[in-house]
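Report on the structure given below.
Read the numbers this way: they start at 1 and go in the same order the structure lists the ligands and their atoms.
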Amino acid sequence: MREKLIFDLSRTGRKGYSLSGSSVPELPLDSILPARFQRSVPAELPEVTESEVVRHFVRLSNLNYHVDKNMYPLGSCTMKYNPKINDYTSDLSGFSALHPLQPAETTQGALQLMYELSEMLREIAGMAAVTLQPAAGAHGELTGILLIKKYHESRGSKRHKLLVVDSAHGTNPASAALAGYQIVSVKGNADGRTDLDDLRQKLDGDVAALMLTNPNTIGLFEKEIQTISKMVHDNGSLLYMDGANMNALLGITRPGDMGFDVVHYNLHKTFAAPHGGGGPGSGPVGVSEKLLPYLPVPIIEKEETEEGTSYKLSYDRPESIGRMMNFYGNFSVLVRAYTYIRMLGAEGVRRVSENAIINANYLLSLLLKSYDLPFPKPVMHEFCLSGDRQKKAHGVRTLDIAKRLLDYGFHAPTIYFPLIVSEALMIEPTETESKETLDVFAEALLKIAEEAENSPELVLSAPVTTPVKRLDEAQASRQLNTCCAL
Ligand SMILES: *Cc1c(COP(=O)(O)O)cnc(C)c1O
């Protein structure tokens with residue numbers, strides 16, 4: 001059944017609210033809003049009862065797919081289950097009703113939370129300090145790259161190039177370009193890792209930094225990271241880590257110990273804030289000793305005096321790159337990450353990664369029967385299959401397999417990324433899925449491989465059970481001109 005628009009449900013005079021009288025005197029409208037901004041006709045709003053509103057949105061949410069409904073295997077995006085307690089804490093009025101311009105004496109709790117969160121993140125990644133300002137992973141990348149730029153400039157050195165590996169997330173070259181750098185792509189080897197010979201060739205005196213993702217987007221750990229770190233530093237360049245994939249590292253190993261100078265975190269992935277649909281994110285940045293003076297302002301300082309501990313915002317940072325965000329970052333996401341880490345404790349944080357890795361390897365072992373794995377196992381928190389076998393033998397593409405998964409009640413994995421894997425199906429189960437869920441998901445993918453062989457038309461016409469059936473992809477891609485599964 002089609003869901004009507006809420007405007008079509010509207011009947012004059014119906015009401016879904018009941019407001020108490022105002023406790024403050026009403027001001028004449030003209031004194032608040034200039035007449036030219038005032039409406040001449042009343043806004044056309046739907047008039048519906050509370051139960052109609054609730055039912056309408058519950059029906060819509062049933063048509064939608066979300067992580068509260070079933071597994072969301074979107075590789076590189078870490079769509080894990082987000083504990084509801086995070087929403088409870090971020091909604092506490094002591095947090096949610098703060099005004100960002102309140103004096104620090106009245107916001108000590110919020111400042112303490114931010115200070116402690118940055119300390120916990122600092123420890124998790126083994127860095128010297130962390131800024132919480134950036135509003136997303138890509139924004140963290142830009143922040144990190146501007147820090148690197150400032151570092152070189154302050155030493156009187158002009159370097160124009162940033163090396164980015166070819167399996168990198170598209171935001172890496174985009175952020176580097178936004179900061180004014182020329183991008184040089186470094187190849188991967190047959191093992192799916194950075195090709196050291198290619199890196200050696202491209203590392204010259206004009207290279208400001210190398211951007212790496214570890215584990216990379218195919219889910220493989222850079223085993224030669226210490227050699228890479230030495231090569232980069234011997235060249236006077238810095239090492240940047242895209243830490244959006246921290247889900248594989250927590251409590252096991254630390255970017256700081258591997259020699260990274262900058263790392264960004266994706267709190268909305270690894271540290272359990274709902275995301276997708278462009279909701280508020282947070283991309284804190286950790287730095288090594290060398291980059292401390294350039295961190296964005298304000299930074300939060302802890303002061304111990306005879307009267308006790310207090311926190312303040314410090315702007316006295318003459319070498320800072322400045323502000324990266326209005327106020328102090330996406331505070332409600334910070335509260336969620338803080339709650340999540342405190343709830344898990346150090347041991348729990350490590351278990352997250354252990355289980356994420358076990359889940360990925362277990363699921364992979366079930367799927368190898370029918371799908372090709374272009375690079376050798378074992379993987380970390382995610383893996384990237386190729387749909388080449390299905391395409392060559394039966395003309396069924398990865399796009400079709402992804403659409404058929406919707407019929408089986410699952411969200412599709414990330415597809416056609418990273419670009420170095422043909423017909424890529426990139427799957428990240430996360431630690432929050434049970435063995436039973438993984439089994440059902442694997443069964444669906446194996447069944448689809450069977451269908452591709454025996455009745456390809458089923459896969460080619462999918463999805464058939466969703467509210468919106470197969471779209472005209474050719475037209476859609478003409479309109480969009482780009483395709484991104486992330
Ligand atoms: C998600 C992701 C990013 C970008 O993060 P946003 O918060 O979407 O800007 C960067 N790198 C990798 C590897 C990612 O998975």
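- For Asn172, no nitrogen or oxygen atom sits less than 3.5 Å from a nitrogen or oxygen atom of ligand 1, counting backbone and side chain alike.
- Residue-to-ligand polar distances keep His139 apart from ligand 1: every N/O pair is separated by 3.5 Å or more.
- Side-chain contact between Arg404 and Val396 is absent, with no heavy atoms from C-beta onward closer than 4.5 Å.
- Ring planes of His275 and His268: perpendicular class, angle over 60° (limits at 30 and 60°).
- Taking any N or O of Lys269, backbone or side chain, at least one lies under 3.5 Å from an N or O belonging to ligand 1.
- The distance from ligand 1 to the heavy atoms of Ala136 drops below 4.0 Å at these ligand atoms: 7 (O), 9 (O).
- Once rounded to the nearest 0.5 Å, the distance linking OH of Tyr311 with CG of Leu111 reads 9.0 Å.
- Residue contacts with ligand 1: His268 is included, with a non-hydrogen atom under 4.0 Å away.
- Closest heavy-atom contact between Gly75 and Glu428: CA-CB, 3.6 Å.
- Shown in contact with Thr171 at under 4.0 Å from a heavy atom are these atoms of ligand 1, numbered in order with element: 3 (C), 4 (C), 10 (C), 11 (N).
- By the 30° and 60° cut-offs, the orientation of the rings of Tyr240 relative to His264 is tilted.
- At least one N/O-N/O distance between Gly137 and ligand 1 falls below 3.5 Å.
- For ligand 1, the atoms sitting less than 4.0 Å from at least one non-hydrogen atom of Ala244 are 2 (C), 11 (N), 12 (C), 13 (C), 14 (C), 15 (O), numbered in the order shown with element in parentheses.
- Between Glu382 and Ser76, the side chains place no donor N or O within less than 3.5 Å of an acceptor N or O (distance only, hydrogens not considered).
- Aromatic pair Tyr65/Tyr72: ring centres closer than 6.0 Å.
- In terms of N/O distances under 3.5 Å, ligand 1 is approached by Ala138.
- Backbone and side-chain nitrogen or oxygen atoms of Ser76 are examined, and one is located within less than 3.5 angstrom of a nitrogen or oxygen of ligand 1.
- Side chain to side chain, Arg122 and Ser118 fail the donor-acceptor criterion of an N or O pair below 3.5 Å.
- Counting heavy atoms under 4.0 Å from ligand 1, residue Asn266 touches it through the side chain alone.
- Distances below 4.0 Å separate heavy atoms of Glu141 from the following atoms of ligand 1: 10 (C), 11 (N).
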